[in-house]
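Have a look at the structure below before the remarks.
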Amino acid sequence: MTRRWAGLPYALPYILPLVAFLVALFLVPLVGLLRLSFSPVDAFNAALPGFTFGQYARVFTEPYFYGSLLRTLATALLVAVLCVALAYPAAYVLARRRPGVLRTLLFVIVISPLLTSVVVRTYGWVVLLSGNGLVNRALVASGLRDQPAQLLTSYPAVVVAVTHVLLPFAIIPLTTALGGLDRNLHRASQTLGAGPVRTFLRVTVPLSLPGAVTGALIVFALAMGIYITPLLVGGVTQPLTGIRVYDQVTTVFDYPVAAALSFALLALTMVSTGLLAGVFRIWERRLHG
(Lines give C-alpha, C1' and ligand atoms only; values in the text may rest on other atoms or scores of the structure.)
Protein backbone atom coordinates (compact mmCIF):
# COMPACT_ATOMS: atom_id res chain seq x y z
CA MET A 1 0.00 0.00 0.00
CA THR A 2 1.38 3.41 -0.97
CA ARG A 3 1.95 6.13 1.57
CA ARG A 4 -1.04 8.03 0.18
CA TRP A 5 -3.44 5.26 1.25
CA ALA A 6 -1.56 4.13 4.34
CA GLY A 7 -3.99 5.78 6.75
CA LEU A 8 -7.13 4.44 5.06
CA PRO A 9 -7.61 1.38 7.34
CA TYR A 10 -7.55 3.65 10.38
CA ALA A 11 -10.02 6.09 8.80
CA LEU A 12 -12.55 3.46 7.66
CA PRO A 13 -14.32 3.15 11.04
CA TYR A 14 -15.04 6.88 10.89
CA ILE A 15 -15.92 7.01 7.18
CA LEU A 16 -18.17 3.95 6.90
CA PRO A 17 -21.00 5.28 9.16
CA LEU A 18 -21.18 8.45 7.09
CA VAL A 19 -21.19 6.47 3.83
CA ALA A 20 -23.89 4.16 5.17
CA PHE A 21 -25.96 7.15 6.27
CA LEU A 22 -25.73 8.77 2.82
CA VAL A 23 -26.53 5.53 1.01
CA ALA A 24 -29.50 4.68 3.22
CA LEU A 25 -31.08 8.12 3.44
CA PHE A 26 -30.04 9.75 0.15
CA LEU A 27 -28.98 7.37 -2.59
CA VAL A 28 -31.58 4.65 -1.98
CA PRO A 29 -34.55 7.09 -1.99
CA LEU A 30 -33.05 8.84 -5.02
CA VAL A 31 -32.80 5.58 -6.96
CA GLY A 32 -36.37 4.73 -5.96
CA LEU A 33 -37.55 8.13 -7.15
CA LEU A 34 -35.69 7.68 -10.44
CA ARG A 35 -37.32 4.30 -10.97
CA LEU A 36 -40.73 5.83 -10.21
CA SER A 37 -40.18 8.54 -12.83
CA PHE A 38 -40.04 5.85 -15.55
CA SER A 39 -43.19 4.05 -14.38
CA PRO A 40 -46.33 4.07 -16.55
CA VAL A 41 -49.61 5.13 -14.95
CA ASP A 42 -53.23 4.06 -15.23
CA ALA A 43 -56.30 6.26 -15.69
CA PHE A 44 -56.11 7.30 -12.03
CA ASN A 45 -52.39 8.26 -12.19
CA ALA A 46 -51.38 5.21 -10.14
CA ALA A 47 -47.93 3.83 -10.95
CA LEU A 48 -47.87 0.52 -12.83
CA PRO A 49 -45.09 -2.02 -13.39
CA GLY A 50 -43.08 -1.40 -16.51
CA PHE A 51 -40.85 1.18 -18.12
CA THR A 52 -41.73 4.28 -20.14
CA PHE A 53 -40.40 7.69 -21.09
CA GLY A 54 -43.93 9.04 -21.12
CA GLN A 55 -43.55 11.08 -17.94
CA TYR A 56 -40.46 12.85 -19.26
CA ALA A 57 -42.21 13.39 -22.59
CA ARG A 58 -44.96 15.22 -20.71
CA VAL A 59 -42.46 17.28 -18.73
CA PHE A 60 -40.65 18.51 -21.86
CA THR A 61 -43.66 18.92 -24.18
CA GLU A 62 -46.43 20.36 -21.99
CA PRO A 63 -46.07 24.12 -21.39
CA TYR A 64 -47.43 23.70 -17.86
CA PHE A 65 -44.27 21.77 -16.93
CA TYR A 66 -41.43 23.04 -19.14
CA GLY A 67 -42.67 26.61 -18.73
CA SER A 68 -42.20 26.25 -14.98
CA LEU A 69 -38.63 25.02 -15.54
CA LEU A 70 -37.82 28.09 -17.60
CA ARG A 71 -39.51 30.42 -15.12
CA THR A 72 -37.63 28.77 -12.25
CA LEU A 73 -34.33 29.21 -14.09
CA ALA A 74 -35.04 32.90 -14.75
CA THR A 75 -36.10 33.46 -11.13
CA ALA A 76 -32.99 31.76 -9.76
CA LEU A 77 -30.75 33.90 -11.97
CA LEU A 78 -32.56 37.07 -10.90
CA VAL A 79 -32.36 36.17 -7.21
CA ALA A 80 -28.65 35.33 -7.53
CA VAL A 81 -27.91 38.71 -9.13
CA LEU A 82 -29.96 40.57 -6.50
CA CYS A 83 -28.33 38.70 -3.61
CA VAL A 84 -24.79 39.43 -4.83
CA ALA A 85 -25.62 43.09 -5.48
CA LEU A 86 -27.18 43.49 -2.03
CA ALA A 87 -24.42 41.48 -0.37
CA TYR A 88 -21.61 43.79 -1.47
CA PRO A 89 -22.40 46.72 0.88
CA ALA A 90 -22.96 44.46 3.89
CA ALA A 91 -19.88 42.36 3.15
CA TYR A 92 -17.76 45.45 2.57
CA VAL A 93 -18.74 46.88 5.96
CA LEU A 94 -18.09 43.56 7.70
CA ALA A 95 -14.72 43.12 6.01
CA ARG A 96 -13.61 46.67 6.83
CA ARG A 97 -14.54 46.61 10.50
CA ARG A 98 -11.78 45.81 12.95
CA PRO A 99 -12.34 42.80 15.23
CA GLY A 100 -14.43 43.86 18.18
CA VAL A 101 -17.87 43.95 19.68
CA LEU A 102 -19.46 45.86 16.80
CA ARG A 103 -18.07 43.50 14.14
CA THR A 104 -19.24 40.49 16.13
CA LEU A 105 -22.69 42.04 16.48
CA LEU A 106 -22.86 42.65 12.73
CA PHE A 107 -21.90 39.04 12.03
CA VAL A 108 -24.59 37.85 14.42
CA ILE A 109 -27.15 40.00 12.60
CA VAL A 110 -26.11 38.50 9.26
CA ILE A 111 -26.04 34.90 10.45
CA SER A 112 -29.10 35.05 12.74
CA PRO A 113 -31.63 34.48 9.90
CA LEU A 114 -29.97 31.12 9.24
CA LEU A 115 -30.76 30.11 12.82
CA THR A 116 -34.46 30.80 12.27
CA SER A 117 -36.84 28.48 10.43
CA VAL A 118 -37.41 29.46 6.82
CA VAL A 119 -41.15 29.10 7.48
CA VAL A 120 -40.97 31.70 10.26
CA ARG A 121 -39.04 34.13 8.06
CA THR A 122 -41.47 33.59 5.20
CA TYR A 123 -44.50 34.20 7.41
CA GLY A 124 -42.86 37.47 8.39
CA TRP A 125 -43.19 38.54 4.76
CA VAL A 126 -46.76 37.27 4.68
CA VAL A 127 -47.57 39.58 7.59
CA LEU A 128 -45.72 42.53 6.04
CA LEU A 129 -47.31 42.16 2.59
CA SER A 130 -50.87 41.31 3.65
CA GLY A 131 -53.77 43.63 2.95
CA ASN A 132 -53.51 45.27 6.38
CA GLY A 133 -49.77 44.77 6.70
CA LEU A 134 -47.11 47.39 7.30
CA VAL A 135 -46.27 47.89 3.62
CA ASN A 136 -49.86 48.49 2.56
CA ARG A 137 -50.55 50.76 5.54
CA ALA A 138 -47.49 52.83 4.60
CA LEU A 139 -48.62 53.05 0.96
CA VAL A 140 -52.11 54.20 1.94
CA ALA A 141 -50.87 56.61 4.63
CA SER A 142 -48.41 58.23 2.20
CA GLY A 143 -51.13 58.80 -0.38
CA LEU A 144 -49.48 56.62 -3.02
CA ARG A 145 -52.55 54.37 -3.08
CA ASP A 146 -56.18 54.85 -2.19
CA GLN A 147 -56.62 51.25 -1.10
CA PRO A 148 -54.31 48.36 -0.19
CA ALA A 149 -52.46 46.70 -3.07
CA GLN A 150 -52.55 42.97 -3.79
CA LEU A 151 -48.93 42.29 -2.86
CA LEU A 152 -49.30 38.68 -1.76
CA THR A 153 -49.71 36.01 -4.46
CA SER A 154 -47.62 38.18 -6.79
CA TYR A 155 -44.35 37.33 -8.51
CA PRO A 156 -42.46 40.41 -7.21
CA ALA A 157 -43.36 39.39 -3.66
CA VAL A 158 -41.89 35.94 -4.33
CA VAL A 159 -38.65 37.45 -5.65
CA VAL A 160 -38.32 39.78 -2.65
CA ALA A 161 -39.02 37.05 -0.09
CA VAL A 162 -36.69 34.49 -1.71
CA THR A 163 -33.93 37.10 -1.99
CA HIS A 164 -34.26 37.90 1.70
CA VAL A 165 -34.18 34.21 2.69
CA LEU A 166 -31.07 33.43 0.62
CA LEU A 167 -29.14 36.70 1.11
CA PRO A 168 -26.89 35.41 3.96
CA PHE A 169 -25.52 32.71 1.64
CA ALA A 170 -24.11 35.47 -0.58
CA ILE A 171 -22.86 37.74 2.22
CA ILE A 172 -20.71 35.16 4.02
CA PRO A 173 -18.40 34.07 1.14
CA LEU A 174 -18.20 37.62 -0.16
CA THR A 175 -17.14 38.89 3.27
CA THR A 176 -14.35 36.31 3.32
CA ALA A 177 -13.14 37.39 -0.12
CA LEU A 178 -13.23 41.11 0.70
CA GLY A 179 -11.50 40.55 4.03
CA GLY A 180 -8.49 39.09 2.22
CA LEU A 181 -7.92 42.12 0.01
CA ASP A 182 -4.89 44.33 0.60
CA ARG A 183 -6.12 47.80 1.55
CA ASN A 184 -2.99 49.33 0.03
CA LEU A 185 -4.42 48.50 -3.40
CA HIS A 186 -7.38 50.80 -2.76
CA ARG A 187 -5.07 53.56 -1.56
CA ALA A 188 -2.89 53.11 -4.63
CA SER A 189 -5.91 53.31 -6.92
CA GLN A 190 -7.10 56.53 -5.31
CA THR A 191 -3.58 57.97 -5.38
CA LEU A 192 -3.48 57.37 -9.14
CA GLY A 193 -6.67 59.41 -9.55
CA ALA A 194 -9.43 56.82 -9.46
CA GLY A 195 -12.55 57.76 -7.55
CA PRO A 196 -14.46 55.47 -5.18
CA VAL A 197 -16.75 54.12 -7.91
CA ARG A 198 -13.93 53.37 -10.33
CA THR A 199 -11.84 51.82 -7.54
CA PHE A 200 -14.76 49.58 -6.63
CA LEU A 201 -15.37 48.50 -10.24
CA ARG A 202 -11.73 48.12 -11.30
CA VAL A 203 -10.11 46.89 -8.08
CA THR A 204 -12.62 45.58 -5.54
CA VAL A 205 -14.92 43.65 -7.86
CA PRO A 206 -12.22 41.79 -9.85
CA LEU A 207 -10.28 40.82 -6.72
CA SER A 208 -13.42 39.73 -4.84
CA LEU A 209 -14.85 37.84 -7.82
CA PRO A 210 -14.17 34.34 -6.35
CA GLY A 211 -16.30 35.16 -3.30
CA ALA A 212 -19.03 36.73 -5.44
CA VAL A 213 -19.08 33.70 -7.75
CA THR A 214 -19.26 31.30 -4.81
CA GLY A 215 -22.15 33.21 -3.28
CA ALA A 216 -23.96 33.49 -6.61
CA LEU A 217 -23.68 29.76 -7.32
CA ILE A 218 -24.87 28.80 -3.84
CA VAL A 219 -27.84 31.16 -4.05
CA PHE A 220 -28.66 30.03 -7.59
CA ALA A 221 -28.67 26.34 -6.66
CA LEU A 222 -30.81 26.95 -3.58
CA ALA A 223 -33.24 29.20 -5.48
CA MET A 224 -33.75 26.53 -8.15
CA GLY A 225 -35.18 24.12 -5.60
CA ILE A 226 -36.90 26.41 -3.11
CA TYR A 227 -40.66 26.04 -2.83
CA ILE A 228 -41.77 26.78 0.76
CA THR A 229 -41.25 30.54 0.45
CA PRO A 230 -42.85 30.90 -3.03
CA LEU A 231 -45.74 28.70 -1.91
CA LEU A 232 -46.51 30.71 1.23
CA VAL A 233 -45.96 34.15 -0.30
CA GLY A 234 -47.07 33.57 -3.89
CA GLY A 235 -49.54 30.72 -3.59
CA VAL A 236 -49.96 27.57 -5.69
CA THR A 237 -50.52 29.60 -8.87
CA GLN A 238 -46.87 30.64 -9.15
CA PRO A 239 -45.34 28.87 -12.20
CA LEU A 240 -42.26 27.54 -10.38
CA THR A 241 -41.15 23.93 -10.62
CA GLY A 242 -41.03 23.31 -6.87
CA ILE A 243 -44.68 24.32 -6.60
CA ARG A 244 -45.56 22.22 -9.65
CA VAL A 245 -44.00 19.17 -7.98
CA TYR A 246 -45.85 19.95 -4.75
CA ASP A 247 -49.12 20.27 -6.67
CA GLN A 248 -48.61 16.98 -8.51
CA VAL A 249 -48.00 15.16 -5.23
CA THR A 250 -50.65 16.73 -2.99
CA THR A 251 -53.46 17.54 -5.45
CA VAL A 252 -53.16 15.47 -8.63
CA PHE A 253 -51.52 12.46 -6.93
CA ASP A 254 -49.43 11.82 -10.05
CA TYR A 255 -46.24 10.64 -8.38
CA PRO A 256 -44.40 9.48 -11.56
CA VAL A 257 -44.80 12.89 -13.19
CA ALA A 258 -43.70 14.58 -9.97
CA ALA A 259 -40.62 12.34 -9.89
CA ALA A 260 -39.81 13.06 -13.55
CA LEU A 261 -40.24 16.80 -13.00
CA SER A 262 -37.98 16.60 -9.94
CA PHE A 263 -35.20 14.93 -11.93
CA ALA A 264 -35.64 17.40 -14.76
CA LEU A 265 -35.18 20.19 -12.24
CA LEU A 266 -32.12 18.45 -10.78
CA ALA A 267 -30.57 18.04 -14.24
CA LEU A 268 -31.31 21.65 -15.16
CA THR A 269 -29.78 22.86 -11.90
CA MET A 270 -26.60 20.83 -12.37
CA VAL A 271 -26.15 21.84 -16.01
CA SER A 272 -26.89 25.52 -15.33
CA THR A 273 -24.56 25.61 -12.33
CA GLY A 274 -21.79 24.03 -14.39
CA LEU A 275 -22.29 26.50 -17.24
CA LEU A 276 -22.35 29.47 -14.89
CA ALA A 277 -19.19 28.26 -13.16
CA GLY A 278 -17.49 27.94 -16.54
CA VAL A 279 -18.57 31.42 -17.61
CA PHE A 280 -17.36 32.93 -14.34
CA ARG A 281 -14.05 31.08 -14.68
CA ILE A 282 -13.53 32.49 -18.19
CA TRP A 283 -14.46 35.98 -16.96
CA GLU A 284 -12.00 35.70 -14.09
CA ARG A 285 -9.21 34.61 -16.42
CA ARG A 286 -9.87 37.57 -18.71
CA LEU A 287 -9.83 39.98 -15.78
CA HIS A 288 -6.59 38.63 -14.35
CA GLY A 289 -4.91 37.73 -17.60
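Quick caveat: nothing in here was measured; it's all calculated off a predicted structure.
- Between Phe38 and Tyr56, the two ring planes are tilted [angle within 30° to 60°].
- The shortest distance between side-chain heavy atoms of Leu152 and Ser130 falls below 4.5 Å.
- Nearest heavy atoms, Val158 versus Gly234: CG2-CA, 3.7 Å.
- Atom OH of Tyr227 sits in a sparse spot, with 12 or fewer heavy atoms from other residues, nucleotides or ligands closer than 6.0 Å.
- More than 12 heavy atoms of other residues, nucleotides or ligands sit less than 6.0 Å from atom OH of Tyr64.
- Shown here is Arg35, whose CZ atom has no more than 12 heavy atoms of other residues, nucleotides or ligands within 6.0 Å.
- Here the CG-CD1 distance, from Leu94 to Ile109, works out to 9.0 Å after rounding to the nearest 0.5 Å.
- Using a 4.5 Å cut-off on side-chain heavy atoms (C-beta onward), Arg244 and Ser68 make contact.
- Note that OG1 of Thr273 is 8.5 Å distant from CG of Leu268, once rounded to the nearest 0.5 Å.
- Here the side chain of Asp42 pairs a donor or acceptor atom with the backbone of Ala46 at under 3.5 angstrom.
- In this structure, the side-chain hydrogen bond (donor to acceptor under 3.5 Å, both in side chains) partners of Thr75, at least two apart in sequence or on a different chain, are Tyr155.
- For the atom pair OG1 of Thr163 and CG of Leu82, the computed distance is 4.5 Å after rounding to the nearest 0.5 Å.
- Taken together through direct or relayed side-chain contacts under 4.5 Å among Ile, Leu, Val, Met, Phe, Trp and Tyr, Val219 and Trp125 form part of one hydrophobic cluster.
- Atom CZ of Phe44 is surrounded by 12 or fewer heavy atoms from other residues, nucleotides or ligands within 6.0 Å.
- Donor-acceptor pairing under 3.5 Å is recorded for the side chains of Ser208 and Tyr88.
- Atom CD of Gln150 and atom CG of Leu129 lie 10.5 Å apart (nearest 0.5 Å).
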